[in-house]
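All values below come from the heavy atoms of this structure, side chains included, with hydrogens, waters and symmetry mates left out. A note on names: the letters A, B, ... follow the listed sequences, proteins ahead of strands, and every chain is numbered from 1. Worth saying up front: this structure is predicted, and the values here are computed from it rather than measured.
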Amino acid sequence: MSEHPADFVDEPPPAAILVRGERLDQLPDDLYIPPDALRVILEAFEGPLDLLLYLIRRQNLDILDIPIQRVAQQYVAYIELMQELQIELAGEYLLMAAMLAEIKSRMLLPRPSAEDDEGDDPRAELVRRLQEYEQFKTAAENVDTLPRVGRDMAVVQLSAEQVDIDRPQPIPALADLLLAFKEVMQRAELFAHHQIEREPLSVRERMSGILQRLQGRGATPFSSLFPKSEGRMGVVVTFLAILELVREALVEVEQTEPYAPLSLQVAGARGDRRGNDDVITSDGDD
Amino acid sequence: MIEEKILGCVEALLMAADGPLTVARLEILLAEDGAPDRKAIRTALSALQSDYAGRAVNLVEVAGGWRFRVGADYAGLLGKLWEERPPKLSRALLETLALIAYRQPISRGEIEEVRGVSVSSSIIKTLLEREWVRVVGYREVPGRPALFGTTSQFLDDLDLKRLEDLPSLPEIRDLDDLDAAADRLRAGASDEQEGEDDHASTTPEVPAADDADSPSDALH
Amino acid sequence: MIEEKILGCVEALLMAADGPLTVARLEILLAEDGAPDRKAIRTALSALQSDYAGRAVNLVEVAGGWRFRVGADYAGLLGKLWEERPPKLSRALLETLALIAYRQPISRGEIEEVRGVSVSSSIIKTLLEREWVRVVGYREVPGRPALFGTTSQFLDDLDLKRLEDLPSLPEIRDLDDLDAAADRLRAGASDEQEGEDDHASTTPEVPAADDADSPSDALH
């Protein structure tokens with residue numbers, strides 16, 4: 001929604017990046033996105049099925065009604081983004097991309113008849129796997145909400161009068177001792193890690209910032225939204241903010257052709273701008 | 001009189017034990033203290049259970065036997081007592097655990113098939129170390145992969161008596177529904193179809209989260 | 001706050017705690033649960049005391065505060081329980097002992113820093129009583145905190161000749177290496193640890209330690 005078209009027009013026209021129809025430049029060389037940071041984000045997904053489910057669910061789609069075309073495109077866009085950023089992807093992600101491509105191509109072929117080809121419909125297999133995975137994803141969440149000894153409940157183990165003294169004390173098995181040490185050290189590291197995460201970069205705050213920047217502008221290159229100065233955590237926060245904005249349907253992600261960088265715009269803006277050249281500005285980032 | 005004595009002994013043992021005690025075990029431990037039979041022990045257990053009903057500490061029966069525990073009502077308070085919050089279990093671990101719980105016996109390869117990603121050794125190790133899962137056998141195929149199942153410790157830790165007490169798996173819809181949905185999609189029909197299909201228990205419109213009615217299905 | 005609620009909270013805390021709790025500690029722990037004053041806490045304590053009077057479990061005030069305890073009448077019975085299955089060492093004790101072994105000389109404050117929680121006096125006391133650790137000196141800072149180190153008794157009990165026989169830190173980092181190191185040590189040591197393998201109670205079919213290796217190795 002171009003509520004402030006003036007802002008947009010007023011901007012100096014630097015090297016324009018064509019989006020629709022024409023190949024985009026590479027990511028600016030000076031843009032530093034540590035691959036590790038994006039790996040962290042990728043790790044938020046438990047694999048290709050989880051990523052696919054996310055793409056389906058965020059559009060409130062039923063698994064049985066997946067518009068395979070659209071979802072496959074988005075999936076591939078994610079994968080390409082990762083590859084573009086030189087993230088080493090687990091083979092499973094690429095396998096899934098290939099599977100989606102195959103389904104897509106098969107769906108373009110005319111179906112001989114409604115009943116004929118059920119047997120090896122790759123789409124049926126994908127849906128089966130997605131359903132099965134979601135089933136256990138939900139089951140895992142359910143199991144986690146059950147009250148658990150040590151987290152929500154305590155077992156009672158009282159000592160007794162008088163027996164206290166002669167109560168035999170076991171000698172620890174060395175393995176138990178080592179395990180205890182390993183765990184306490186891990187916890188200490190985790191603790192340190194948490195403190196890093198609590199840096200004053202909040203996802204919500206970043207969401208507002210990004211939204212504000214996108215207001216009244218056309219498609220903005222994804223990569224220009226990552227401030228160089230904030231390092232790894234800044235990239236993570238920005239990426240999470242973008243995912244969250246997309247999830248809440250506040251912004252739209254777009255990729256115009258394979259391998260083209262992703263661009264973002266305020267949701268609904270595309271309609272307004274249709275028919276324009278869609279020449280947008282790379283705002284010579286700060 | 002005698003009954004009271006059994007009750008006290010059972011109470012003392014359960015309060016001091018470091019894990020649940022079975023009726024059989026209680027019987028052995030009480031062999032010199034009046035040697036009550038199992039029926040008498042069971043009577044004592046239910047008397048204790050009602051004595052402690054409504055208290056902060058309750059007597060419950062879990063997979064491994066009977067034990068006293070402070071319930072989840074006091075979870076917040078217990079957290080403060082322990083100071084350190086136990087680390088959260090990762091999604092990868094929970095999903096692996098759920099697959100082992102609902103699909104046991106299951107091999108690592110089969111878990112990977114459902115999850116669509118490889119299962120790290122450290123997850124399996126962690127589950128084995130917590131004694132939530134164990135190797136229950138080996139599949140007689142090349143490589144003889146280990147088959148995993150859950151332990152009674154797992155159920156004990158969740159305050160459950162039987163595997164069937166786990167929440168039931170969300171139902172998977174029939175694949176035939178898929179074709180119906182695909183046809184609908186192709187036809188561009190967005191209207192709901194009445195769920196009269198006799199081959200499917202749920203229509204595509206029913207959300208997947210609808211509870212499966214029989215957990216035993218899920219556990220096969 | 002309603003008296004009954006205080007009573008339940010105090011009961012839950014005392015039943016779940018490792019050792020005695022003072023009224024002051026209870027007051028801190030209950031700060032968010034109605035924040036009863038000390039008088040109210042004392043009232044709850046004496047109400048609990050009379051609730052449990054005549055039961056196998058009593059609420060008693062000892063040097064370190066208030067605690068539930070199984071009555072002296074049952075000492076013989078509990079002896080049998082523990083004889084069969086010695087109590088497990090608490091996680092907190094194991095971690096403290098491990099830190100003293102690896103990081104000695106170390107002060108209590110330093111242990112607390114790594115563990116992220118306070119170390120109870122009773123743990124230090126138990127370790128000193130068992131002669132596994134001793135005070136090896138004092139840090140010359142305000143308060144002159146005692147520095148702890150391990151003893152030869154500790155080495156004897158763990159069947160180690162020298163402290164250097166403990167696996168090195170990098171080995172501990174990796175779970176697989178850790179198991180290998182433990183196996184190596186176990187192979188060299190006598191079999192005396194067999195008897196106290198309390199894992200066996202939950203996983204009768206599988207010796208826990210060995211089995212932990214096989215599945216992951218097979219699947220590597």
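By the 4.0 Å N-to-carboxylate-O rule, B/E129 lies too far from B/K125 to be salt-bridged with it. A salt bridge links A/E125 and A/R128; the closest N-O separation between the charged side-chain nitrogens and carboxylate oxygens is under 4.0 Å.
Of the listed residues A/V143, A/D144, A/T138, A/N142, the one with more heavy-atom pairs under 4.5 angstrom with chain B than any other is A/D144. Annotation: maximal heavy-atom pairing with chain B below 4.5 Å, among A/E141, A/K137, A/M153, occurs at A/M153.
Remark: side-chain polar atoms of A/Y75 are not paired, donor with acceptor, to backbone N or O of A/L55 under 3.5 angstrom. B/T22 contributes no side-chain N or O that, together with a main-chain N or O of B/G65, makes up a donor-acceptor pair within less than 3.5 Å.
Using modelled atom types, one finds a donor on one side chain and an acceptor on the other under 3.5 Å when comparing A/Y133 with B/E95.
Contacts between residues 111-120 of chain B and chain A, counted as heavy-atom pairs separated by less than 4.5 Å, involve B/E113, B/V114, B/R115, B/G116, B/V117, B/S118. For residues 47-63 of chain B, the interface with chain A (any heavy-atom pair closer than 4.5 Å) comprises B/V57, sorted by residue number.
Remark: B/E110 engages B/R139 in a salt bridge (charged side-chain N to carboxylate O under 4.0 Å, His left out) (not counting sequence neighbours). By the salt bridge (charged side-chain N to carboxylate O under 4.0 Å, His left out) test, A/E102 pairs with A/R106, sequence neighbours left out.
None of B/T126, B/I106, B/L127, B/V133 except one satisfies the side chain to side chain contact (heavy atoms under 4.5 Å, CB included) rule with B/T96; the exception is B/L127.
Here CG of A/L158 is found 6.0 Å from CE of B/M15. Values are rounded to the nearest 0.5 Å. Separating the CG atom in B/L45 from the CG atom in B/L7 is a distance of 8.5 Å, to the nearest 0.5 Å.
Under the 30°/60° scheme for interplanar angles, the aromatic rings of B/W132 and B/F154 are found to stand perpendicular.
Neither the backbone nor the side chain of B/L77 comes within contact range of chain A; no heavy atoms are under 4.5 Å apart. For chain A, the nearby parts of B/R91 are the backbone and the side chain; heavy atoms of each come within less than 4.5 Å.
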